[in-house]
Amino acid sequence: MRKFSARLFKSRGARRESESLRETMANQESSSASGSNFEGTAAVNIILNHDFSGGLQSWHPNGCHGYVASGDCGHLEGVTANSGGSYAVVSNRTECWQGLEQDITSKVSPGSAYTVSAIVRVSGAFQGPTGVQATLKLEYPNEATSYLFVGRTMASHDRWEKLEGTFLLERMPNRVVFYLEGPSPGVDLLIDYVIVSCSSVKESEEINRRCFADGDENIILNPRFEDGLNNWSGRGCKILLHDSMADGKVLPLNGKFFASTTERSQSWNGIQQEITGRVQRKLAYEVTAIVRLFGSTTSSDVRATLWVQTQNQHEQYIGIANSQASDKEWVQLQGKFLLNSVVSRVVIYLEGPPAGIDILVNSVVVKHAAKVPPSPPPVIENPAFGVNIIQNSNLNDGTNGWAPLGPCTLSVGTGSPHILPPMARDSLGAHEPLSGRYILVTNRTQTWMGPSQIITDKLKLFLTYQVSAWVRIGSGASGPQNVNVALSVDGQWVNGGQADVGSDTWHEIGGSFRIEKQPSKVMVYIQGPPGGVDLMVAGLQIFPVDRQMRFKHLKKQVDKVRKRDVILKLSGLDASSLIGTFVKVKQVKNSFPIGSCIMRMNIDNEDFVDFFVKNFNWAVFGNELKWPWIEPQQGKFNYQDADELLDLCKKNNMEVRGHCIFWEVEYTLQSWVRSLNKNDLMTAVQNRLTGLLTRYKEKFRHYDVNNEMLHGSFFQDRLGKNIRSYMFKTAHQLDPSATLFVNDYHVEDGCDTRSSPEKYIAHILDLQEQGAPVGGIGVQAHIDSPVGPIVCSALDKLGILGLPIWFTELDVSSINEYVRGDDLEVMLWEGFAHPAVEGIMLWGFWELFMSRNNAHLVDAEGGINEAGNRYLALMQDWLSHAHGHIDGQGEFRFRGFHGSYSVEVTTLTQKLSQTFVVDKGDSPLVINMNF
C-alpha cells in the first residue's frame, strides 16, 4: 500500500468566506449526519454540527470551557458570526493546546485525502496576531499518542480568518480526534464553522499544487523582524533583536530591525523558524536571506538548511544554500529546495560559522520558485570549425603576437615536431605540417611565467574549443613537471589542459574550454614548471570543434560495435504462402546498460520514480551505501535506506552498482574513523567489509571498492600500501559474484595530471601485481565542455588493459539547455561507440538532486528540458526497427542493436509472433520461425 501522511496547505491571509462556499457547506451537512465511513469517493463534510447551530453537540472543550454565542446578540463586544449565525467561544484556556475537539474515528479511512477549512478568530488581552492550529490526535494500539499537524493561520480579534489544511492517514488508528488549538493561555478562541471533506488523492494533489503555486507570497512569518522575534527561535543558542550594533556601525540593510544569534557553541547553532504546513511537496521553493557575521574578523560560511521529519519519524537535513559572509557588510544567501515526501515537520534555519561567532539576519524570504523559461538555442554565426584562433602559432613571424607573462624572456627555437599532436589530428583530420619552431621561455622565476596571448575578440560564446600543443621543459627539474595551458577570463583561471612533462621528449597537451558569459578580457598562457626551469611550447592550437562531424564518425563506429546482422528464417510454409508475407520487427530493449544515480529521498516522489524506471535499466545509490551513511556513529547502523532503494530496483528488474565500500579521500570519512589508531582502524575496515558484503551478497553487480585512490590516501597512509589490495581480495572472498572496480575522476578530460590515463593504468597494474582482483575501470566523467577525440584517446589508452570500462558518474553542465544537450550527446556517443565501454551511469537527472548546478535533465517540478529531450530521443535512436517482405528463400534480414526484440510475421492466412535476443557476435544471428 502506498504510504501517505499529512499533506499540508499553506495558511492564507485574511479572507472572508464566500457565500458559495457557505452554501456548499450547508448542502454537505445533511450528508454527514449518518456518521458512516467514507472511502474518498465523495466530497462530504464529516464534521457533525459544523456550524454550532446545535450548540456544542458533538464537540468537547479540551481542558477549558466552551459555549455557543449568537451572531445577533453579540456575547463578545463587536463580534458577530462571519455567517450571521452562531459561533463557538472557547474560554478559560490555561494552556496553548486547549481548544475544541470532535471524535472523527468512524468517518476517516486510511489512504483517503481530507481537506480542512475553518473560520476562526480570537479575543482577549494580547498584542498582534496569534496562531490558531488544526491538529489530529491519533491513538494507535500499544503506541504513545501522536499528534499530526494539519494547518495553521494567524488570527486576530478584529476579523475572521480562514484556516486551511489537508491530511492523509497511512494506517487506521483506534481513535482519531480533530481539534483546534493554539492561542496563548488566556486568549479566547472563536470558531464560526469547520469543514473536513473527503476527496481523492489525485484531487488533493491538484488542490495543493494550485494552492501553493502562488510565487508572490512569502511563507516566512515575520520575515523582517518587524514583529520582534515572534515566530523565530534559537537553534541551540539565543537570539536577540537589534536596530543597530557596535555603536551604530552595524545597521539593517533593509527595514528597521535585524536579529542576531548569541552563545553559539556549535557550528549548527543558529536562528530558525518552523514552516510546517506552509510548504508543499513536489514544489520548488526559492530561499533568499540577508546575513552577515559579528565577532570575527575573518569570513566564514553561512548556510541555509532544512530540517525535515518524515511521518515515520526519520530525520533529513537538506542543504539549501551557502555563502561566505564577514563582519564588513551584508551579503545575500540564495538557493532552492524541494520536498519529495509528505512530512510531519519542517524547520528552516541558518548555521555555519564556528562556535562563538554571531550570525546576523536582516530578512528571510521563502517563496515558490518562479519557473525559469527555457534557454533558446545559441545563435553562432560563422563558427569557423577547426580554425586556429592563435596568432602566429607557427612562429613564422618570430614572437610577434606573443607576450611574456612576467619578467621572462621569449625567443624562437627549432627542432619541435612537425606533426599535430594525436588528439588534434583526430579532430582536424588532414592538416598542414607544423613548422618545427617553438617558443623558448627563459629567465623564469615563478611557475606562472610563460608565453601569453590576448584572444578576447576571437572567442564566440557557447562554442566548445579544443586546446592542443606540444610542450617540453629544460634541464634542471627533478623529474617531470606539471605544464598547464591556462586561460585568464576576467581574472579567473580556466583550465585548458595539463600534462606531466619531462625534458627528454616532447609531450602532448590536450584540453578544452567554453565561455558562456561575455568576458571583458581573455588571455591564454602556458605555465607550470618551477622558477629556473626553461619551458618550450610548439604548435599551440585553439579551435572550435565540429561535434556533428564527430557524431557521423561515431554512428559508423556504433554500427560496428553495438549491432549485429540478423536472419529471420521461416520454415513450414510452401512457396505460394511466401508471397506477400510481411515481417515487422521491433526492438523492445537495448541491452547496453545505462542507468542513473538515485537517493532515498528521491523515491518518495512518484514523478521521479516514474521517469527513472521508464528510462534507465541500472541504478547506483548516491550516498546510501557509503560508510558514513551506513555507520555514522561507531556501532550504529542504518541499512534501511539502502534496503528500500534495493527493493525499488528489484521490483523494476534493474541491476545495481555498489558505490562505494571505502573512500580514500580523508575529508569524506566520519570523524570517528579518522580518530582511530592503526589497530582499531584495521578492525573497523574488516568489520565494514564483512558487514556490507555479507548482508548484500549477490545483490550488487559491481562494487567501487576504494573510491578515488588517485586523489586520496587516508587508508594507505595509516595501514600501509597493501591495504588497498587487501580490500579487493577480501571483497572478492565475501562476494565472488560482484565485479570489483577502481573509480576516479578527471581521467578522460586531460585537465588533471594526478589522474591521467597513464597514471590510472600504472595504478591498476600495481594493484593487480599485489593480487587485487580488479575487474573493471570506473571513469567518473564529471566533465566540462567535452571533446570527443580527447575522451576517446583516454578510453583507447585504458582499453589496453582488457578490462571493462564504465562511465560511472556522468554529468555535464551548461547554463544553456541546448549546449548541455550537446555535451551529453558527446559523452553518450563516445561511450556507446567505444568497444571497451560496457555501461554508462548518469550521476542523477533531477534538478536540486545533483552534485552540480545546471546539469539536470528534468527540473525540480518534473518538466523535461532540452537536454532531457535529447537523452530520451537518443534512447529511441538506439532501438532498431525493421519491416518488409520475406525473400524467395523464406528469409528476412536486418542489422540491429543488441537487445530484446519482438517479431510479427503475417501471411495471407495466418500470423506468427515471437521474441528473441540479439547478443554480441561477429557472425549473423539466425532466428528460426516455424509455422
Side-chain angles (χ1 to χ4, degrees), residues 380 382-397 399-403 405 410 416-417 419-429 431-435 437-439 441 450-471 483-490 492-499 501 506-528 535-547 549-550 749-751 783-791 793 819 822-823 826:
I380 303 172
N382 187 25
F385 293 125
V387 176
N388 189 9
I389 66 172
I390 293 296
Q391 179 185 352
N392 191 25
S393 174
N394 267 332
L395 307 174
N396 295 324
D397 193 15
T399 59
N400 186 40
W402 295 93
L405 187 61
L410 306 186
S416 59
I419 60 172
L420 282 175
M423 287 182 280
R425 289 202 304 272
D426 288 345
S427 289
L428 296 172
H431 197 274
E432 292 182 4
L434 301 178
S435 66
R437 291 183 284 271
Y438 61 88
I439 297 176
V441 190
S452 68
Q453 190 170 131
I454 303 298
I455 58 173
T456 314
D457 297 337
K458 298 176 183 178
L459 294 172
K460 296 180 183 293
L461 297 185
F462 295 110
L463 265 183
T464 299
Y465 289 87
Q466 183 171 344
V467 177
S468 175
W470 289 112
V471 291
V483 176
N484 172 219
V485 178
L487 294 98
S488 173
V489 182
D490 291 337
Q492 297 294 314
W493 175 76
V494 173
N495 192 350
Q498 297 185 68
V501 175
W506 290 90
H507 297 259
E508 175 185 17
I509 281 187
S512 64
F513 68 92
R514 182 171 58 235
I515 308 296
E516 298 195 345
K517 294 182 179 179
Q518 187 61 53
S520 299
K521 181 181 178 181
V522 181
M523 177 180 67
V524 61
Y525 61 103
I526 298 89
Q527 61 170 349
L535 173 64
M536 291 164 269
V537 182
L540 177 64
Q541 301 264 332
I542 297 180
F543 56 90
V545 294
D546 187 345
R547 288 172 158 180
M549 286 295 294
R550 179 71 181 175
D749 57 12
C751 72
I783 192 168
D784 294 304
S785 55
V787 171
I790 296 176
V791 175
S793 174
V819 177
D822 290 344
D823 286 354
V826 167

State which residues pass side-chain contact (heavy atoms from CB on, under 4.5 Å) with [X]; sequence neighbours excluded, sorted by chain then number.
X      : value
Asp426 : Pro789
Asn400 : Gln391, Asn392, Asp397
Ile790 : Met423, Gln466, Val787

Kindly compute the distance separating [atom1] ([X]) from [atom2] ([Y]), expressed to the nearest 0.5 Å.
X      : Y      : atom1 : atom2 : result
Tyr438 : Leu395 : OH    : CG    : 11.0 Å
Ile509 : Cys751 : CD1   : SG    : 12.0 Å
Lys460 : Ile380 : NZ    : CD1   : 8.5 Å
Met549 : Leu428 : CE    : CG    : 11.5 Å
Thr464 : Asp546 : OG1   : CG    : 11.5 Å
Ser452 : Ile439 : OG    : CD1   : 9.0 Å

Looking at [X] and [Y], what are the two nearest heavy atoms and their distance?
X      : Y      : answer
Val387 : Phe543 : O-CB, 3.4 Å
Ser488 : Tyr525 : N-CE2, 3.9 Å
Val537 : Trp506 : N-CZ3, 4.4 Å
Ile542 : Asn388 : N-OD1, 2.9 Å
Asn394 : Ser435 : O-OG, 2.8 Å

I'd like to check [X] versus [Y] (side-chain heavy atoms, cut-off strictly below 4.5 Å). Are they in contact?
X      : Y      : value
Tyr465 : Leu487 : no
Ser416 : Trp470 : no
Val826 : Val791 : no
Asp822 : Pro786 : no
Lys517 : Asp490 : no
Leu461 : Gln518 : yes
Val819 : Glu516 : yes
Leu540 : Val467 : yes

Side chain to side chain donor-acceptor pair (under 3.5 Å) partners for [X], two or more places apart:
X      : result
Arg437 : Asn396
Gln498 : Asn482
Asp749 : His746

Checking side-chain contact (heavy atoms from CB on, under 4.5 Å) between Met523 and each of Thr456, Leu405, Val489, Ile455, which is the one that passes?
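Exactly one option meets the side-chain contact (heavy atoms from CB on, under 4.5 Å) with Met523, and it is Leu405.
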
Check the pair Asp823, Arg514 against side-chain contact (heavy atoms from CB on, under 4.5 Å), reporting the backbone distance first and the verdict last.
CA-CA 11 Å; Asp823 286 354; Arg514 182 171 58 235; 2.7 Å; yes

For Gln541, is there any backbone N or O sitting under 3.5 Å from a side-chain donor or acceptor partner on Ser468?
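Judged by distance alone, no pair lies under 3.5 Å.
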
Backbone of Gly497 reached by a side-chain donor or acceptor of Asn484 within 3.5 Å
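Indeed, once roles are kept as given, a pair shorter than 3.5 Å links the two residues.
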
